[in-house]
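Read the structure below first, then the notes.
Values below: all heavy atoms of this structure, side chains included; hydrogens, waters and symmetry mates excluded.
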Amino acid sequence: MTSTATPATAGTRAPAPDHAPAPPRRGGSSRLHRTEKRWALLFVAAPVLGYLLFILYPTGFALYASLTRWNGLGPMQFIGIDNYVALMGDERFRQTLFNTFFYMIGIPIGLALSLALAVMMNRRIIGRTAFRTIYYVPVISSIAAVAILWQWAYNGDFGLVNQFLELFGIEGPNWLADPVWAKPAIIMMAVWKGLGYSMLLYLAAIQSVPRSLYEAAELDGAGGWQKFRSITLPMVQPVTFFLVVTQVIGGAMIFIEIQIMTPTGGPEYSTASVVYHIWLQAFRYQQMGYATAMSVVLGLLILVITLIQFRLNRRNAGFVID
């Protein structure tokens, strides 16, 4: 039986088809590639320019201004670290620093109340949608309007807070005029305003917890408190960390409430925050360089506290559900 002949002899390469693509040129790029590269650089340039213009330059300018004597309008006079030396001996600054950190007592109070409300709002109760809306209304309300509303409520003569206390035979103080009660009054207002926001985040975190975890705990005989302590609390830990970090930063910059409810800084300067003191020095006494030095110190304190919170959260991130 004879074999059929092949069209190409052994050892020879078949000719390339006419439609084969040409090899790419080395050292060059196509027009499409150059266009995509230009657009990519354009999109990257936007955040870089924003960072340079709105973060890096203002930070550098603030650091330099804190080393000068400047009224905000005239020329700057370089004085070195004199502003920081004067800051260490400023009794008012130390007092406002204490007031600012005192206001942060409301952070754990607000988180505990919002978590309790989130647990209740997660249950099937009548009108829970309406309750969620009611609790969230203060969050979207203007802080100026809320401050004015609470200023009226805290009035020692006709305020709603004292009228409510009178129902139980309690004579309420003149809240915002009393150096003992002025700061707790502002804390209560701040907790009330931020309650709905924290509750909403906690509610979303609770609803994302796998139902199988609770079912397994029930099979093991766990009660309601045990399930809350061993499942709910660890699973909402990321939300708690986020709220603590953001509320500490926000609490360190409290200003509008102080400015509206106690325009003079409260009795004996008992409600003045650091930001209020900075504003006073900068825009009322025209000591812009000194006020900038206080801003730098406040920013460093916030940075240190935030880094500590991240370190603690990283240490506690590997929780184990009991």
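- The aromatic rings of His277 and Tyr269 sit perpendicular, their planes meeting at an angle over 60°, well past the 30° parallel limit.
- Cluster annotation: Leu49 and Tyr57 are assigned to distinct hydrophobic clusters (Ile/Leu/Val/Met/Phe/Trp/Tyr, side-chain heavy-atom contacts under 4.5 Å, transitive).
- In this structure, Tyr103 contributes its side chain and Thr271 its backbone to a donor-acceptor pair below 3.5 Å.
- A donor-acceptor contact under 3.5 angstrom links the side chains of Ser198 and Gln247, judged on distance only.
- With a 6.0 Å radius and a threshold of 12 heavy atoms from other residues, nucleotides or ligands, Gln163 has its CD atom above the threshold.
- Thr292 and Tyr64 share no donor-acceptor pair across their side chains, judged by distance under 3.5 Å alone.
- Stacking of Lys227 on the aromatic ring of Tyr214 is not recorded, the 6.0 Å distance cut-off and the 45° axial limit not both being met.
- A salt bridge does not link Glu257 with Lys193: none of the charged nitrogens is closer than 4.0 Å to a carboxylate oxygen.
- Under the 3.5 Å distance criterion, with hydrogens and angles disregarded, a donor-acceptor pair is assigned to the side chains of Trp175 and Asn162.
- The pair Arg211-Glu218 meets the salt-bridge criterion, with a side-chain N (NZ, NE, NH1 or NH2) lying under 4.0 Å from an Asp/Glu carboxylate O.
- With hydrogens and angles ignored, the 3.5 Å screen pairs no side-chain donor or acceptor of Thr262 with any backbone N or O of Gly265.
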Requested in this report: Tell me, with the steps shown, if Asn99 and Ser273 meet side-chain contact (heavy atoms from CB on, under 4.5 Å).
Outcome: CA-CA 6 Å; Asn99 294 341; Ser273 64; 5.8 Å; no
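- The distance from atom CD of Glu215 to atom CG of Asp220, rounded to the nearest 0.5 Å, is 12.5 Å.
- Taking the six-membered ring where the residue is Trp, Phe164 and Phe168 present perpendicular rings, their angle passing 60° and hence far from 30°.
- For the ring pair (Phe, Tyr, Trp, His ring centres under 6.0 Å) condition, the pairs that include at least one residue of residues 67-90, sequence neighbours left out, are Phe61-Trp70.
- By the neighbour-count criterion of 12 heavy atoms within 6.0 Å, atom CG of Leu42 is densely surrounded, having more than that number from other residues, nucleotides or ligands.
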